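The structure displayed is predicted, hence computed values, not measured ones. Start at 1 and go down the list; that is how both ligands and their atoms are numbered. Worth knowing before you read on, the calculation uses all heavy atoms, side chains too, and leaves out hydrogens, waters and symmetry mates. Residues take their numbers from the sequence shown, with the count starting at 1.
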Amino acid sequence: MTQKLPVLVTGGAGYIGSHAVLALADAGWPVCVIDNLVTGFRWAVPDGVPFYEGDIEDAGLLARIFAEQKIGAVMHFAGSVVVPESVVDPLKYYHNNTVKSRALLASAVQAGVPHFIFSSTAATYGIPDVSPVAEDCPQVPINPYGMSKLMTEAMLGDVAKAHPLNFCALRYFNVAGADPQARTGQSTAGATHLIKVAVEAALGKREAVDIFGSDYATPDGTGVRDYIHVSDLAAAHVLALEALIAEPARSLTMNCGYGRGFSVLEVLDAVDRATNARITRRMGPRRAGDPDALISDNRLIKATLPWVPRHADLDTMVTHALAWERKLGETRGG
Ligand code: UFG
């Protein structure tokens, strides 16, 4: 059995990080969180999980956490994630995602932390020529967000060659849904992601959903994406950690998606099914920088990890997202 080393989760008060904390804790891993609470929420970290409010570029704080908690692995989620914002404020993204990742890595190397898991993104591929897209496809990001993450992938590759540390970079496709027990979910205001926007509309928090383009080269003309349930994604991180511990000389870079896509219209229909009502659709122009379809080739992760998705179903994802959105409205004033 894998020895359960204490894991530091950066960004553990955020959307994906808080699901990773639950997955680790549910699987019996000692876990603690660092988060600067700029976009995360203190309540998203469960009671009993040590919490450090602070920044990952604070070397003094990191040294203290690594020593105090005897950290054996880092899962790094902290960062900025809004693609259009990265276009208007690129330096924010190179700072938050690249410079701060470099600082965190330096602290991890300094403390001799042997394992590092990084949340990368399909945005590192840009607009791929092929679908599904495999890990060895060219990485040509079309926005600073994707480039800021790609630069961190590059740093990890070099650091793992020079220091006793192995890493796993997971390239996420479209993350959606919420914890099936509704312990956490996507809570940041001003969301732009389709499923979040659609459930907000279904609950009357928005008038309608704007459909960004209906002339794409897809079966119904709207954009196709590979939506992955956030709890399946979190489970993949726990398995990746076990793989890094089992083979310390091996690092991994893997897509994380289900390998199939749904169109915008299919997503909206699923939300309608879940509520038995109809969201108002507004057909609009394309959004800049959107590929027609973005679907993962997920053969590598399936061959490498014993990863069996448990919620790979659009209706399940939508149902969980809706349940969380309702809870957010009731208890958190969202
Ligand atoms: N869409 C709409 N209306 C909306 C929101 C989205 O029609 O209100 C469409 C988009 O045009 C796209 C699809 O729904 O076709 C999904 O869009 P999202 O904004 O939900 O997600 P993206 O595919 O643009 O981006 C996501 C993540 C990024 C990541 C990228 C690549 O948000 O962080 O996938 O993997 F970089």
Under the side chain to side chain donor-acceptor pair (under 3.5 Å) rule, what pairs show up with a residue in residues 127-142, not counting sequence neighbours?
-> Thr124-Gln139, Gln139-Glu153, Gln139-Arg171
Pair up each side-chain donor or acceptor in residues 211-221 with any protein partner under 3.5 Å, not counting sequence neighbours, and list the distances.
from	atom 1	to	atom 2	distance (Å)
Asp215	OD1	Arg286	NE	2.9
Thr218	OG1	Gly221	N	3.1
Thr218	OG1	Thr222	N	3.2
Thr218	OG1	Thr222	O	2.7
Asp220	OD1	Thr222	N	2.9
Asp220	OD1	Thr222	OG1	2.7
Asp220	OD2	Ser263	OG	2.5

When rounded to the nearest 0.5 Å, the distance separating CG of Asp58 from OG of Ser107 is 8.5 Å
Sorted by chain and number, sequence neighbours left out, side chain to side chain donor-acceptor pair (under 3.5 Å) with Tyr52 holds for Glu68, Gln69
Looking at the rings of Phe116 and His163, which for Trp means the six-membered one, are their centres under 6.0 Å apart?
-> no
is_close_aromatic(Phe167, His76), centroid dist under 6.0 Å | no
Contacts for ligand 1, heavy atom under 4.0 Å, by chain and number, are Thr121, Ala122, Ala123, Tyr145, Tyr172, Asn174, Thr192, His193, Leu194, Val197, Asp210, Ile211, Phe212, Gly223, Arg225, Tyr227, Val264, Arg287, Asp290, Leu294
